[in-house]
Undergrad: 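Before anything else, here's the structure in question.
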Amino acid sequence: MRWEVPTMRSATSFFDKTTARSDLRRHWPIAFIYTCVWLVGLPVNLWSSSMWMPEEMTPALRAAQIIIGSYPTLAGALFVFGCVLAMALMGYLMSPRAVGLLHALPVRRGTLLATHTLVGWLMLNVPALLAVLVSIPVQAYYGGVAWGALGAWLLVHCGLSLFFLALGLLCAMVTGWLLAIPAIYAVVNFAVIAAAGLVRTLCSLFCYGYAGDDDFAPFVYWLTPVVNLVKRFGTCGVERSDAAPYPWQVQFPADVVHAVGIYTAAGAALLALTYLLYRRRKSESAADPAAFPWMRPVFRYGTGLLGGLALGLGLYQLVLGWRMESETGRWVGLLVSTVLMGALCYYAAEMLVRKSLRVLRRSLPGAGLVCVLLALVCAGARFDVSGYAARVPDVSAVTQVQLRGSLGLSGVNCTEPETIETVIALHREIITLRPDEDDPENSAYITLSYTLTDGSTLTRAYQLNPAGELEDALETVFNTGEVREKSLITSRHTGSWRGGYLSLDRTGDAMQLTAAQAGEIYGALLRDIAQGHNHYDFSRLDDRHVLVVQLDLEGSDDYSLCIGELPEDCTETMQALVDVGAAESMDALRAKLTPLYKPDTDMDAAVGY
């Protein structure tokens, strides 16, 4: 006789059918909505947009262009639904009763996590597969199926769905509040780029010469997945090609493939980390804003620092910034705003963590540390501890410098060593004299953008008075042969002109140019350059006039040469304008032109660009 007591068999499989059926029964509306999203995003979009694509493209290329154009939508949809599914699948961890019941069952936590992950991944990718299958007959109706584009789209979707779902599951694992999941998810996705933007705003207030770089550092984008993916997907598409017999080619750069692969691998790593956290998560952490003790200081200090900097800058701009006239006053105002908002954000986070309003005494050390750190950040920006304002590159380290600004420079790229040397000398003199940007006489601006030998860039922007202390240094730069030529024509052309367009600003007169007239104006420009014209004298800026001349080169869809201003010493060009019929005489032409920098009697201010 056997006296063993019958017990329930412990499940050791990585997949539990009962849990999977429960997930599907409870959360099928999410999959249904996602299916509708991609039925509209792929087959319906293909049906409605194919007829509007260029006729010279084959039907398969038209379909490929539409499919590739949906990649940014793919990244955005997965970003949203990855979080929604994580909230739905792991919602039981937020309820003490539900988590107690599930964890009492003979099913391992690893099995629960694997089941939820697989069900969530299928709820994202089965709708995507259905959309792809429905898209095939739609494409066939128009005469061609883009098999490669469809397959690539599905593979990208499978990989990125794993990443965003895993990220959502990880965020759900570190908290016991359901509504905290989307907040943590958003912070993880955007905290780095938000912090970089706040630092950029702070630098623009106090770092002399700060230009506000057009782009963030690469690591900022890598740590902001959805923005990085949308940015990279924007480089994909079907473009014209000069390589016969293929006038159109699909552009899918290698860095996009690498990015998708890296994020897919990161998704697998995040799942492994989620599993390790799940094994150590206490069931009693349900309904607790921080499921692990180490999350509490991260939450407190992260909220205090980022929230204090963001809200402090906002408070300063709305209340104090426009009232402060001196730089010291502005800095003190920002310091007070940032420290105050940092302390408030820290106390708010402490109240949430402790679930109590009585946190003042116990939170004083932490709040004090946050205030000190924020004060150090503000002081670092104010006193330029990094040496940003004084940094000037050596001539030997520069391969190119671009000049932009309101002094008639719409992107002049200089590569000659002599020109680069004069620009760097001007840069050093600006730093030495440091013109006051609040002085109303310093109304002109100039941007110096260096390309260094290591491939990096260094950009500075300044407001100054061209007729003031910097007049000699500015004239030295602007009167170098390279700047005088490239401020008129960016590059020399040897082809035939197709025609062009001429506009006189003061009167609004405009005329189309024939090929012969365009060639005549271009030849006059070259003669002015050869004779050393286009001389800059910043004490007589009223001698430079607004003029728009656009010349079109044969074989080019876009304009090949555009002039935005004309100095009076370019007599050859002015005579050519008279000869093509822009005016009856040189004096009549001058009467039709608007001074570029000097206020006109018919205008409220000087014209600039």
Side-chain angles (χ1 to χ4, degrees), residues 31-82 121-164 225-264 555-558:
F32 175 76
I33 295 174
Y34 195 67
T35 302
C36 294
V37 168
W38 281 118
L39 286 178
V40 174
L42 270 188
V44 174
N45 191 21
L46 285 165
W47 176 266
S48 61
S49 300
S50 292
M51 65 183 69
W52 304 110
M53 302 299 288
E55 294 183 358
E56 59 267 25
M57 295 175 65
T58 64
L61 282 174
R62 296 180 193 175
Q65 174 73 346
I66 296 170
I67 293 168
I68 293 173
S70 70
Y71 277 119
T73 305
L74 181 150
L78 287 176
F79 168 75
V80 173
F81 281 87
W121 188 81
L122 290 174
M123 290 175 73
L124 290 174
N125 287 284
V126 170
L129 177 61
L130 177 63
V132 167
L133 294 177
V134 176
S135 299
I136 294 175
V138 173
Q139 295 178 57
Y141 174 82
Y142 282 104
V145 179
W147 297 103
L150 282 175
W153 186 92
L154 191 58
L155 286 175
V156 169
H157 188 281
C158 290
L160 294 182
S161 62
L162 176 65
F163 171 76
F164 284 108
V226 65
V227 176
N228 188 30
L229 289 168
V230 170
K231 181 173 178 285
R232 292 177 184 272
F233 285 147
T235 63
C236 303
V238 179
E239 299 179 356
R240 290 184 181 273
S241 172
D242 297 330
Y246 305 105
W248 298 87
Q249 287 187 352
V250 176
Q251 301 293 329
F252 204 86
D255 65 318
V256 178
V257 179
H258 296 159
V260 173
I262 290 171
Y263 282 123
T264 303
S556 175
D557 293 334
D558 300 324

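Fair warning: this is a prediction, and the values are worked out from it, not measured in the lab. No hydrogens, no waters, no symmetry mates; every other heavy atom, side chains included, goes into these values.
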Undergrad: Do Leu46 and Ile67 make a side-chain contact, defined as non-hydrogen atoms from C-beta onward lying under 4.5 Å apart?
TA: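 Of all side-chain heavy-atom pairs linking Ile67 with Leu46, at least one is under 4.5 Å.
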Undergrad: With a 4.5 Å heavy-atom cut-off, do Phe233 and Ile68 have their side chains touching?
TA: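 SC-SC contact between Phe233 and Ile68 ruled out.
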Undergrad: Verify side-chain contact (heavy atoms from CB on, under 4.5 Å) between Leu78 and Leu74, making sure each step is shown before the conclusion.
TA: CA-CA 6 Å; Leu78 287 176; Leu74 181 150; 3.6 Å; yes
Undergrad: Just to verify, what does Ile262 make a side-chain contact (heavy atoms from CB on, under 4.5 Å) with, not counting sequence neighbours?
TA: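 Result, side-chain contact (heavy atoms from CB on, under 4.5 Å) vs Ile262: Trp222.
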Undergrad: Over 60° means perpendicular and under 30° means parallel, so tell me whether His157 and Trp38 are parallel, tilted or perpendicular.
TA: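 His157 and Trp38: perpendicular rings.
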Undergrad: How about Val250 and Leu61: do any of their side-chain heavy atoms sit closer than 4.5 Å?
TA: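 Side-chain contact under 4.5 Å: yes.
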Undergrad: For Tyr71 versus Ala149, what's the shortest heavy-atom pair and its separation?
TA: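 The answer is OH-O, 4.3 Å.
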Undergrad: Who pairs with Ala60 by side-chain contact (heavy atoms from CB on, under 4.5 Å), at least two apart in sequence or on another chain?
TA: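 Counting only residues at least two positions away or on another chain, Ala60 forms a side-chain contact (heavy atoms from CB on, under 4.5 Å) with Thr58.
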Undergrad: Mind checking what makes side-chain contact (heavy atoms from CB on, under 4.5 Å) contact with Leu155, not counting sequence neighbours?
TA: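 Residues passing side-chain contact (heavy atoms from CB on, under 4.5 Å) with Leu155: none at all.
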Undergrad: Considering only heavy atoms from C-beta outward, does the side chain of Val134 approach that of Leu42 to under 4.5 Å?
TA: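 Not in contact.
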Undergrad: Looking at Thr264 and Val260, what are the two nearest heavy atoms and their distance?
TA: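 Here Thr264 and Val260 meet closest at OG1-O, 2.7 Å.
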Undergrad: If I take atom CG from residue Leu162 and atom CG from residue Leu124, how far apart are they, to the nearest 0.5 angstrom?
TA: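 Leu162 atom CG to Leu124 atom CG measures 10.0 Å (nearest 0.5 Å).
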Undergrad: Could you report the tightest heavy-atom contact between Pro43 and Val138, atom names first, then the distance?
TA: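 Heavy atoms of Pro43 and Val138 come nearest at O-CG1, 3.8 Å.
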Undergrad: Can you confirm whether Ile33 sits close enough to Phe81 that some side-chain heavy atom of one is under 4.5 Å from a side-chain heavy atom of the other?
TA: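 SC-SC contact between Ile33 and Phe81 confirmed.
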Undergrad: Tell me the closest heavy-atom pair linking Ser49 and Ile66, and the distance in Å.
TA: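 Residues Ser49 and Ile66, closest heavy atoms: CB-CD1, 3.7 Å.
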Undergrad: How close do Arg232 and Asp255 get, heavy atom to heavy atom, and via which atoms?
TA: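 Minimum heavy-atom contact is NH1-OD2, 2.9 Å.
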Undergrad: If only atom types and distance count, is the side chain of Trp47 paired as donor or acceptor with the main-chain N or O of Ser135 below 3.5 Å?
TA: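 Not confirmed, Trp47 side chain does not pair with Ser135 backbone.
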Undergrad: What I'd like to find out is whether the side chain of Asn228 reaches to under 4.5 Å of the side chain of Tyr263, using heavy atoms alone.
TA: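 The answer is yes, as the side chains (C-beta and beyond) meet within the 4.5 Å cut-off.
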Undergrad: Can you confirm whether Phe32 sits close enough to Pro127 that some side-chain heavy atom of one is under 4.5 Å from a side-chain heavy atom of the other?
TA: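 Not touching, per the 4.5 Å side-chain cut-off.
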Undergrad: Nearest heavy-atom pair of Cys158 and Trp121: which atoms, and what distance?
TA: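 Nearest heavy atoms, Cys158 then Trp121: O-NE1, 3.2 Å.
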Undergrad: Are Phe163 and Leu229 close enough that some pair of their side-chain heavy atoms sits under 4.5 Å apart?
TA: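 Side-chain contact under 4.5 Å: no.
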